[in-house]
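What you see below is based on every heavy atom in this structure, not just the backbone, and it leaves out hydrogens, waters and symmetry mates.
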Amino acid sequence: MPAQLPDIDCDVLVVGSGAAGLSAAVTAAWHGLKVIVVEKDPVFGGATAWSGGWAWVPCNPLARRAGIIEDVEQPRTYLRHELGEHFDPGMIDAFLAAGPRMVAFFEQHTALQFADGNAIADIHGETPGAGTGGRSVIAAPYEGRKVGRLLKRLRTTLRETSFMGMPIMAGADLSAFLNLTRSLKAAWHVTRRFTRHLFDLALHGRALQLVNGVALIARLAKSADDLGVLLWESAPVTELLRDGSRVSGAVVNTDKGPMRIHARKAVVLAAGGFANDIERRKALFPRTPTGHEHWALPPLAVNGDGLRLGESVGARVNNNVASPVAWAPVSLVPHSDGSTGHFPHIIERGKPGIIGVLRNGQRFVNEANGYFDYVSAMVDAAPHGEDVASWLICTHAFQRRYGLGISRPFPLPLSEFIRSGYLKTGNTVEELALACGIDPSGLRATLDDYNRHARHGEDPLFGRGSTPYNRKQGDSTNLPNPCVAPIEAGPFYAVKVQPGCFGTFAGLKVNPHAQVLDGSDQPISGLYAAGGDMASIMGGHYPAGGINIGPALTFGYIAARHIASITAFEQENDHAAHR
């Protein structure tokens, strides 16, 4: 190590600025520790800023205040059945115990305030212990001006999931946009939102009505800044430092050159996992022989740095998971500037009047189930030797009502998406099939069978609309089944969907304190991990929306408290009085 490298000291060095990293930083700083956060990218927020921002936290305070009170054994039962052999009692108990306290801590002591997701059901309603609501929270909308000078250093919403850079929040906000032409109240909401957004764009060059993942990051970053956390962007870590067997800091590249940061207490790895690590994708992802047959949604900088740093000091990556990847169905979006974007298909698949088919024209899944389930089924069903892909198929009337992928509902125009080839179209089912490269007779047979039952609101093949999660994804005004309607009158549209992901599940093995473990399952002194760098407590399963961010926030909080030697859940209010 060159002796001339400048040194700086802190108590805790956090690598990465997504939900996990900022949760750890804010919690540690609130407990009186000097914290530095280093972020590889020129903006803070990681994949979290591009996410919907939902966090699965059973028994949370917002649910309790709404009268949704359940015994912790209910979500534990659900996870035990969902995770099967991957259920780790110690890790699950740590999460279930700390999650509600994490939410309460941020609500009471920081700028991070939440809105509830009390109407959101767990994905697999047939599983014992499944919740019908009260297990989800999301960051409350945030006024960007409150972030101050930090605002320009925060990642903006994913281009493909915003409208002219304006993020739209799930729930009433999204409902208003979908009902723009059907309700004066909705039209007024959209008019106010969009007019304000145009004003913000003109003055500030970005959205200031922050919702979803950008609101979560903005609130956490503001909290960190208020507590004196040093936030360094464009500062990748190149090496961990060791003092004997203890991890004691890192070498960081900055705009002033390499620097040694000495961490008196700990380093927390929270760099987001390996979604864009081509070699590890090639080794671990199914149906990905070159590593390139996949469209990851996280920023390109999320490419396995944290895992490699951990491995360099003796940590091991836990690949013993049902799936190494948090699947998401993605379509490729050709932009007018020549670039290509990725659109995650989360909203429209559960609406009435759309199905997903393979190249043979056959359905393969309940399309209204979770996004992870859709891709898992697609990967399993696509014949080997063929590219893994499916097509979402609907009518013109469906597209105008709900949208299809990045093509928005009426009154926004369709022509550019047809012209670019993003949307395939045909006046007849057979024309559409030929445009997509789908077997025409197979698609015709599938639609004839589907429509025969759909006219009565039924789907005997896959049971669309049979669970609370399905029905929430559908359209409550469509009776008798909010998820099922015929697909009969052309013209027809289709969009090609391929495997993508929100992140990765394989990660560094940790204990219930978030301490990184070595090959003998012993803690590596001074090293912690949370978020995508930590092996998912869900063991590669996807039981509910928000099972990435909920544990990320919680284990960032757990790690920081352990670093600060807060071993019992004493009242943080009492601790605050003595800071």
Atom CZ of Arg64 with >12 non-hydrogen neighbours under 6.0 angstrom: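 Counting neighbours around CZ of Arg64, 12 or fewer heavy atoms of other residues, nucleotides or ligands fall under 6.0 Å, so no.
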Neighbour count above 12 (heavy atom, 6.0 Å) for Asp380 CG: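 For Asp380, atom CG is crowded (more than 12 foreign heavy atoms under 6.0 Å).
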Stepwise side-chain contact (heavy atoms from CB on, under 4.5 Å) test for Cys10 and His262: CA-CA 6 Å; Cys10 64; His262 297 282; over 6 Å; no
Would the distance check show the side chain of [X] and the main-chain N or O of [Y] forming a donor-acceptor pair, the cut-off being under 3.5 Å?
X: Tyr557; Y: Ala552; result: no
X: Asn276; Y: Pro299; result: yes
X: Asn548; Y: Phe502; result: no
X: Ser339; Y: His335; result: no
X: Ser223; Y: Thr110; result: no
X: Gln113; Y: Glu107; result: yes
X: Arg219; Y: Ala111; result: yes
X: Arg287; Y: Val379; result: yes
X: Arg101; Y: Ala97; result: yes
X: Asn212; Y: Gly53; result: no

side-chain contact (heavy atoms from CB on, under 4.5 Å) assessment of Leu208 paired with Glu143: CA-CA 6 Å; Leu208 291 186; Glu143 168 53 60; 3.9 Å; yes
Do [X] and [Y] make a side-chain contact, defined as non-hydrogen atoms from C-beta onward lying under 4.5 Å apart?
X: Leu332; Y: His342; answer: yes
X: Leu517; Y: Ile524; answer: no
X: Met259; Y: Trp232; answer: yes

Full working for salt bridge (Lys or Arg N to Asp or Glu O under 4.0 Å) between Arg308 and Asp305: CA-CA 5 Å; Arg308 288 188 291 273; Asp305 288 344; 2.6 Å; yes
Do you know the tightest heavy-atom contact between [X] and [Y]?
X: Asn118; Y: Leu62; result: ND2-O, 3.8 Å
X: Pro329; Y: Val375; result: N-CG2, 3.2 Å
X: Tyr528; Y: Ala559; result: CD2-CB, 3.9 Å

Cation-pi geometry met for Arg153 and Phe44 (6.0 Å, 45°): no
Cationic tip of Arg281 above Phe274 ring, under 6.0 Å, 45° of axis: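 The answer is no, since Arg281 fails at least one limit relative to Phe274.
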Step-by-step side chain to side chain donor-acceptor pair (under 3.5 Å) determination, Thr288 to Glu293: CA-CA 5 Å; Thr288 314; Glu293 298 86 354; 5.0 Å; no
Those residues that, when tested against His86, pass ring pair (Phe, Tyr, Trp, His ring centres under 6.0 Å) (two or more places apart):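 Ring pair (Phe, Tyr, Trp, His ring centres under 6.0 Å) list for His86, sorted by chain: His541.
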Nearest-0.5 Å distance, [atom1] of residue [X] to [atom2] of residue [Y]:
X: Leu220; Y: Leu22; atom1: CG; atom2: CG; value: 5.5 Å
X: Asp373; Y: Arg349; atom1: CG; atom2: CZ; value: 8.5 Å
X: Phe285; Y: His292; atom1: CZ; atom2: NE2; value: 12.5 Å
X: Lys222; Y: Asp225; atom1: NZ; atom2: CG; value: 7.0 Å
X: Leu297; Y: Phe343; atom1: CG; atom2: CZ; value: 10.0 Å
X: Asp41; Y: Glu233; atom1: CG; atom2: CD; value: 10.5 Å

From CA spacing to verdict: side chain to side chain donor-acceptor pair (under 3.5 Å), Ser390, Tyr374: CA-CA 10 Å; Ser390 65; Tyr374 184 92; 2.8 Å; yes
Residues Tyr542, Trp327; criterion ring pair (Phe, Tyr, Trp, His ring centres under 6.0 Å); working and verdict: CA-CA 9 Å; Tyr542 214 102; Trp327 293 120; over 10 Å; no
Test log, rule salt bridge (Lys or Arg N to Asp or Glu O under 4.0 Å), inputs Lys265 and Asp11: CA-CA 5 Å; Lys265 290 186 174 289; Asp11 293 314; 6.0 Å; no
For Asp88, side chain to side chain contact (heavy atoms under 4.5 Å, CB included) partners two or more places apart: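 Applying side chain to side chain contact (heavy atoms under 4.5 Å, CB included) to Asp88 gives Met91.
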Short side-chain donor-acceptor distance under 3.5 Å, [Y] and [X]:
X: Trp56; Y: Asp122; answer: yes
X: Gln522; Y: Asp518; answer: no
X: His345; Y: Tyr371; answer: no

Contacts table for residues 313-320: side-chain donor-acceptor under 3.5 angstrom, sequence neighbours left out:
from, atom 1, to, atom 2, distance (Å)
Arg316, NH2, Asp521, OD1, 2.9
Asn318, OD1, Asn320, N, 2.9

